[in-house]
Amino acid sequence: MPEMPEVEIVKRGLISQIKGRKITNVEVRYQNLITGDVPQFIDIVTGTTIEDIGRRAKFLLIHLDNGYTIISHLRMEGKYRVSADPAMIDKHSHAIFTLDNGQKLIYNDVRKFGRMQLWKTADLANNKSIAKLGPEPLSDAFTFDAVKPRIMRHRKDIKTVLLDQSVMSGLGNIYVDEVLWNAKLHPETPANHLNDDDIRNIIKYSNEEMTMGIDAGGSTVRSYLDSTGHAGHMQDFLHAYDREGTPCDRCGTEIEKIKVGGRGTHFCPHCQVVK
DNA sequence: GCGCTTGTTGTCAT
DNA sequence: AATGACAACAAGCG
């Protein structure tokens with residue numbers, strides 16, 4: 001499901017819906033959802049108050065008032081839903097947090113790829129998953145000097161490199177295709193063939209696409225919904241992703257779909273040429 | 001019904 | 001160190 005803009009929308013929704021609420025009960029129905037000891041997770045979380053919700057790249061950070069943070073990753077299909085309606089709970093609801101206002105924070109995940117992990121808030125930077133993340137768009141660290149060497153040290157396809165969260169973080173399969181379309185870069189261009197203008201374009205369009213995605217409430221191509229159950233509408237503004245067979249918005253050539261690094265990849269064969 | 005696809009990441013072998 | 005294959009899982013599509 002979600003890339004950085006979608007996770008940001010979920011974060012903002014959760015802040016308005018559950019920030020300041022006390023968690024009175026925790027039910028974990030799918031044990032593998034929790035990385036670590038499940039009874040200990042339930043024990044530490046129950047009775048705490050949600051101080052704030054943060055985000056790093058595609059990781060949601062649910063800060064509790066006892067010094068712990070739930071690091072939550074939605075992976076492909078994870079969704080949060082805040083509701084008092086029991087009908088919102090089904091066979092794909094893997095964790096249910098009861099709140100002190102009678103509502104429940106329900107974690108749904110059809111494919112069960114998402115994970116939650118407890119970590120001491122003061123030590124988040126040392127968490128293995130967080131520590132390896134490269135700079136993310138829209139942050140102060142996302143500079144030419146920081147990004148260029150991280151990209152140029154690879155000879156893989158630029159598409160695969162931009163999906164590597166340790167190079168830079170936040171982009172996923174949709175937004176990478178959009179950034180490369182905007183930058184007029186063929187997805188199979190070796191990363192170390194890029195020039196400084198290409199790097200500047202990647203930075204510029206990564207910032208632009210992340211901002212657009214957030215402003216549009218995220219992309220809903222298949223299944224993404226925010227924590228209030230609403231779809232995003234960024235999909236209406238996509239130039240490449242899911243557009244195979246339709247004319248390129250720049251030149252009219254049909255958008256093609258190929259596999260790059262095992263991922264479905266959409267591009268304009270006329271505008272985006274291999275260097 | 002089978003095979004292939006899907007907004008991700010972590011692990012393993014080379 | 002970098003790279004590619006594969007794994008986790010369920011459902012929809014042709």
Side-chain angles (χ1 to χ4, degrees), chain A residues 1-11 29-36 55-60 71-80 90-94 107-117 127-134 136-137 149-180 187-188 190-192 206 209-210 212-214 216-226 231-245 257-266:
Chain A
M1 147 199 182
E3 306 176 36
M4 189 265 254
E6 290 74 30
V7 179
E8 176 66 20
I9 295 300
V10 172
K11 184 198 86 175
R29 297 184 172 186
Y30 176 61
Q31 305 296 297
N32 287 346
L33 168 66
I34 309 298
T35 300
R55 180 189 60 73
R56 174 71 174 93
K58 306 175 195 172
F59 290 88
L60 269 176
I71 304 174
S72 169
H73 201 297
L74 279 34
R75 294 285 184 98
M76 295 290 269
E77 300 255 6
K79 289 178 238 321
Y80 281 103
D90 62 19
K91 65 174 178 174
H92 301 301
S93 304
H94 306 312
Y107 178 75
N108 289 291
D109 191 344
V110 169
R111 292 178 69 185
K112 299 181 178 173
F113 283 175
R115 292 291 179 267
M116 290 183 202
Q117 181 177 22
N127 177 81
K128 200 175 159 191
S129 300
I130 307 273
K132 69 162 68 155
L133 294 171
E136 65 176 79
R150 305 179 78 94
I151 291 178
M152 300 291 288
R153 83 166 84 106
H154 298 275
R155 71 182 118 181
K156 279 186 295 189
D157 308 315
I158 185 59
K159 157 115 186 191
T160 305
V161 170
L162 294 186
L163 283 175
D164 182 342
Q165 301 294 297
S166 71
V167 174
M168 52 183 253
S169 61
L171 298 194
N173 207 36
I174 293 179
Y175 293 99
V176 164
D177 282 2
E178 296 304 304
V179 168
L180 293 177
E188 290 175 308
N192 57 359
S206 294
E209 290 295 317
M210 296 292 94
M212 284 178 63
I214 292 168
S219 303
T220 298
V221 175
R222 276 165 204 82
S223 65
Y224 166 76
L225 297 175
D226 69 18
H233 53 275
M234 180 63 187
Q235 64 278 6
D236 299 337
F237 307 114
L238 300 180
H239 296 292
Y241 187 86
D242 211 27
R243 287 280 308 269
E244 63 269 29
K257 183 174 182 184
I258 58 173
K259 281 263 188 212
V260 178
R263 309 296 304 275
T265 298
H266 317 70

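Computation of the quantities below employed the complete heavy-atom set of this structure, encompassing side-chain atoms and omitting hydrogens, waters and symmetry-equivalent molecules.
Relative ring orientation between Tyr107(A) and His94(A) is described as tilted, the plane-to-plane angle lying within the 30° to 60° band.
In this structure, Phe59(A) and Thr265(A) both approach DNA chain B, and ranking their closest nucleotides by distance from the 5' end singles out Thr265(A).
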**Report entry** For DNA chain B, the dot-bracket pattern of Watson-Crick and G-U pairs whose distances stay under 3.5 Å, | for other-strand partners
**Finding:** .|||||.|||||||
Report task. Go along nucleotides 3-14 of chain C 5' to 3' and tag each nucleotide: B for a protein heavy atom under 4.0 Å from its base, S when only backbone or sugar atoms are that close, - otherwise. Result -> SS---BBBS---
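Residues that satisfy the side-chain hydrogen bond (donor to acceptor under 3.5 Å, both in side chains) test with Asp164(A), not counting sequence neighbours, are Ser166(A).
Taking the P atom of each, dC4(B) and dC6(C) are spaced 13 Å apart, rounded to whole Å. When the P atom is compared between dG1(B) and dC9(C), the two are found 23 Å apart, to the nearest whole Å. Remark: the separation of the P atoms in dA5(C) and dT5(B) is 14 Å, to the nearest Å.
Tyr80(A) and Ser72(A) share a side-chain donor-acceptor pair at under 3.5 Å.
Listed pair Ser129(A) / dT9(B) fails the phosphate criterion, with no side-chain N or O lying under 4.0 Å from OP1 or OP2.
Minimum heavy-atom separation, Gly213(A) to Pro5(A): C-CB, 3.8 Å. Of all non-hydrogen atoms in Thr160(A) and Gly261(A), the two that sit nearest each other are OG1-CA, 4.0 Å.
Looking at heavy-atom distances under 4.0 Å, Gly264(A) makes contact with sugar-phosphate atoms alone, never a base. Tyr241(A) comes within contact range of the sugar-phosphate backbone alone, with a heavy-atom separation under 4.0 Å but no base atom that close.
Computed from coordinates, the Lys159(A) NZ to dT8(B) C1' distance equals 13 Å when rounded to whole Å.
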Report task. Tell me, with the steps shown, if Glu136(A) and Arg56(A) meet salt bridge (Lys or Arg N to Asp or Glu O under 4.0 Å). Result -> CA-CA 8 Å; Glu136(A) 65 176 79; Arg56(A) 174 71 174 93; 2.8 Å; yes
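Judged by distance alone, the side chain of Glu6(A) and the main-chain N or O of Ser219(A) form a donor-acceptor pair under 3.5 Å. Between the side chain of Asp177(A) and the backbone N or O of Tyr241(A) there is no donor-acceptor pair closer than 3.5 Å.
The side chain of Glu6(A) lies closest to dG7(B), out of dT6(B), dT8(B), dG7(B). Here the side chain of Ile174(A) is nearest to one of dG7(B), dT9(B), dT5(B), namely dG7(B).
In this structure, dG7(B) is classed as syn because its glycosidic torsion stays within 90° of zero.
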